[in-house]
Amino acid sequence: DPLVDPVAGSDELAFEGALRPTSLAEFVGQPKVRGQLEVLLRAATIQERTPDHILLAGPPGLGKTTLAMIIGAETGRPIRFSSGPAIQHAGDLAAVLSALVPGEVLFVDEIHRMARSAEEMLYLAMEDFKIDIMVGKGAGAASIPLELAPFTLVGATTRSGMLPAPLRDRFGFTAHLEHYAAADLERVLSRSARLMDVALEPAALGELARRSRGTPRIANRLLRRVRDWLLVHEGSSDLDGVRAALELYDVDEAGLDRIDRAVLEAIAHRFGGGPVGLSTLAATVGEEADTIEAVVEPFLVREGLIGRTPRGRIATPAGLRHAGVVTQDATLD
Ligand code: ADP
């Protein structure tokens, strides 16, 4: 179900682009990261140099691409987009780097997926703004040094642990983005609602924020569905609109979708609260084990609904309650 997928669909780019904040001041939440970036960018501007290379680490949908664009905008520099999967050979990277104009911001999304052969080239480029290009083969091979325009690399990664240490160390600053508190998501939503020309009452925004899994991308996506619902059901209250639209699209009051609930309910009911192994669980709910491990479980674990143990997945007391199992706590009170 794409509605609560933190990764953007290809049809969403225009919609998302229209909602992107364009300055640090407009960027909601993440006060620590905002404060850190502000100092870093101001200092570079005062000294009239390119800002240090910046690594943006954190789960999808929390604003890494947005921040990269803000870094360009705040320093008045152009930005060029690339991504780890697009850099499969050192030559791919050489082509990108040699085309940079002085001071440009180079954004490399999913930088942990870049080819190993390109990484070595990137080390030298980040340190000295130069690369060595290999020409020819065998005995006639030669390396030709090439000076690059000074640039700022902004790397984004959902897996900072997968970056090799030498690459991680070459970033002057790493920003760690965290999931958003409901109050911050409410601010994201109220800003988006204004841009989309829908006025939602605070209670409706609060309800939407609580169901958005701490993720601005999901909040904006749910808002779009609610806007449609309210358009079609003229005269109903905003809060009813949120509740009815999200029920229609199978997003429950804690932000769980159909698959999340299927996983939680399987652990709670079919396996008596667990532990149960991943592959058994996957077969039971009819989903790929990879999807469950990468998309479903991190959220359920973060919400304290399930736990991972060496013997398998278990439902926590909160998870059992969410799945409608009456736990001992509940019988006591
Ligand atoms: P990422 O690159 O981390 O996957 P994006 O930067 O593409 O995430 O953000 C996804 C969507 O969420 C965009 O539409 C963006 O406008 C919105 N968004 C993300 N962070 C914020 C924020 N702090 N304030 C307002 N909107 C945000």
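Please read all numbers here as calculations on a predicted model, not as lab measurements. Every heavy atom of this structure was used, including side-chain atoms; hydrogens, water molecules and symmetry mates were not.
In this structure, L148 and A125 approach most closely via the heavy-atom pair CD1-CB, 3.7 Å. Contact detail for T174 and A57: the closest heavy-atom pair is CG2-CB, 4.4 Å.
Evaluation of the side-chain hydrogen bond (donor to acceptor under 3.5 Å, both in side chains) rule for E119 yields R116 as partners, not counting sequence neighbours. Take S212 and apply the side-chain hydrogen bond (donor to acceptor under 3.5 Å, both in side chains) test, not counting sequence neighbours, and it matches no residue. Under the rule for a side chain to side chain contact (heavy atoms under 4.5 Å, CB included), the partners of R225 that lie at least two apart in sequence or sit in another chain are L3, D228, Y249.
Salt-bridge annotation for E303 and R213: absent, with no side-chain N of the basic residue lying under 4.0 Å from a carboxylate O of the acidic one. Classification of R243 and D252 as a salt-bridged pair fails, no side-chain N sitting under 4.0 Å from a carboxylate O. Here R261 pairs with D250 in a salt bridge; the nearest charged N to carboxylate O distance falls below 4.0 Å.
With a 4.5 Å cut-off on side-chain heavy atoms, R187 and D184 count as touching. Put simply, the side chain of V285 reaches to within 4.5 Å of the side chain of I292, judged on heavy atoms. Looking at L205 and P202, their side chains never come closer than 4.5 Å, going by heavy atoms from C-beta outward. Within the 4.5 Å cutoff, the side chain of L97 has heavy atoms near those of the L106 side chain. Under the 4.5 Å side-chain criterion, counting only non-hydrogen atoms from C-beta, F107 is not in contact with M69. The closest side-chain heavy-atom distance from P216 to L62 is below 4.5 Å. Residues P275 and R313 fail the side-chain proximity criterion, which asks for heavy atoms closer than 4.5 Å. In this structure, the side chains of M162 and T157 stay at 4.5 Å or more apart for every pair of heavy atoms.
A donor-acceptor contact under 3.5 angstrom links the side chains of E26 and T22, judged on distance only.
Checked against the 6.0 Å centroid threshold, H53 and F151 count as a close aromatic pair.
Applying the salt bridge (charged side-chain N to carboxylate O under 4.0 Å, His left out) test to residues at least two apart or on different chains, the pairs with a partner in residues 50-66 are R49-D52. Residue pairs satisfying the side chain to side chain donor-acceptor pair (under 3.5 Å) criterion with at least one member in residues 69-97, sequence neighbours excluded, are listed as follows: R80-E104. For residues 195-210, the side chain to side chain donor-acceptor pair (under 3.5 Å) pairs, not counting sequence neighbours, are E207-R210, E207-R211.
Atom CZ of R270 sits in a sparse spot, with 12 or fewer heavy atoms from other residues, nucleotides or ligands closer than 6.0 Å. In E288, the CD atom is not crowded: 12 or fewer heavy atoms of neighbouring residues, nucleotides or ligands sit closer than 6.0 Å.
Relative to the six-membered ring of F27, R34 misses at least one condition, a distance below 6.0 Å or an angle of at most 45° to the axis.
Between the CZ atom in F271 and the CD atom in E265 there is a gap of 13.5 Å [rounded to 0.5 Å]. Atom CE of M134 and atom CE of M121 lie 10.0 Å apart (nearest 0.5 Å). A distance of 7.5 Å separates OG1 of T316 from CZ of R321, quoted to the nearest 0.5 Å.
When each of L223, N220, V251 is tested with L208 by the rule side chain to side chain contact (heavy atoms under 4.5 Å, CB included), just one qualifies, namely L223.
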